[in-house]
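What follows is a set of notes on a single structure, which appears directly below.
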Amino acid sequence: MEWGIFQIVNHGIPFHVITSLQKVGREFFELSQEEKELYAKPPDSKSIEGYGTKLQKEVEGKKAWVDHLFHKVWPPSAINYHFWPKNPPSYRDANEEYTKCLRGVADRLFSRLSLGLGLDEDELKKSVGGDELTYLLKINYYPPCPRPDLALGVVAHTDMSSITMLVPNEVQGLQVFRDDHWFDVKYIPNALVIHIGDQLEILSNGKYRSVLHRATVNKEMTRMSWPVFLEPPPELAIGPLSKLINEENPPKYKEKKYCDYVYCKLNKIPQ
Ligand code: OGA
Ligand code: NI
């Protein structure tokens, strides 16, 4: 409620499952440019899936610089294996194993976050799409940067998702904003970093806060991270839950379809 972000340990995902996810992801990014380009996001594609580079113009005096790979990992009907690397050969197994574990943790999180709002256990998960909730994996690859003072990996933003579940590597870089300051998120081996995203802020009518965050780059070391964005189906309308609004607590957000929310945010149109 205060930070919009927290880390969880003792989540039950075995250490080797997380290490394998990191290993196969790193091996993919260490392939030749030609091989990575096989998975490039098609230029005319409406979907975000595929390999790409984000080189952003200066925002607040800093350029954004990151290579990434996006692909969906759940539900099976949403998966396009075309965007899953075939090299290293264990890429698919490692990602499937991680996703299976992550779904269990996500379900438990949604139930606790529901109870935290005074709702029934199953209410938040239902409100973000239930079994149609989409798990979109992004791998961020931030190469060492000779002038970290002039660059950021990802500029300040909030995630559009319901929640985001992130595994970092050991190179510190994630920062969150609160009370006019940027705070480093401490690296805890084997922990998952959970971000509250915009959709949960909206559903909770502002009780849960979508966290403003950014990623810095390192002078000597390659930083990587594996966020999974838990996204509602595009046509699902999301607005403050009726049980959470009354005369003293009027709705602070409009109800709109998730796809319309995304369109407005990406095109910088007021929500
Ligand atoms: C993102 C993001 C942070 C990180 O990709 O949305 O916030 O730690 N990444 O890499
Ligand atoms: Ni983010």
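Counting starts at 1 for both ligands and their atoms, following the listed order. Numbers here are sequence positions counted from 1.
Considering each of H157, H68, R223, the one bringing a non-hydrogen atom nearest atom 2 (C) of ligand 1 is H157.
Note on D159: its N/O/S atom closest to the Ni ion (ligand 2) is OD1.
Shortest contact from atom 9 (N) of ligand 1 to any protein heavy atom: N140 ND2, 3.6 Å. Shortest contact from atom 3 (C) of ligand 1 to any protein heavy atom: L174 CD1, 3.8 Å.
Per-residue contacts place D159 under 4.0 angstrom from the following atoms of ligand 1 (heavy atoms of the residue considered): 6 (O). Each of the atoms 6 (O) of ligand 1 lies under 4.0 Å from some heavy atom of F229. For ligand 1, the atoms closer than 4.0 angstrom to any heavy atom of K138 are 1 (C), 5 (O).
Outside the 6.0 Å centre-distance limit, the rings of W226 and Y98 are not counted as a close aromatic pair.
Environment of CG in N10: sparse, with no more than 12 heavy atoms of neighbouring residues, nucleotides or ligands closer than 6.0 Å.
In this model, a donor atom of one side chain and an acceptor atom of the other lie less than 3.5 Å apart for T158 and K265. With 3.5 Å as the limit, one finds no donor-acceptor pair spanning the side chains of Q199 and Y258. No hydrogens or angles considered: a donor-acceptor pair under 3.5 Å links the side chains of N87 and E35.
At a 4.0 Å heavy-atom cut-off, ligand 1 touches H213 through the side chain alone.
The pair K72-E231 does not count as a salt bridge, with every side-chain nitrogen at least 4.0 angstrom from each carboxylate oxygen.
Relative orientation of the Y51 and F29 rings is tilted, given thresholds of 30° and 60° on the angle between their planes.
Here H195 does not reach the Ni ion (ligand 2): none of its N/O/S atoms is less than 2.8 Å from the metal.
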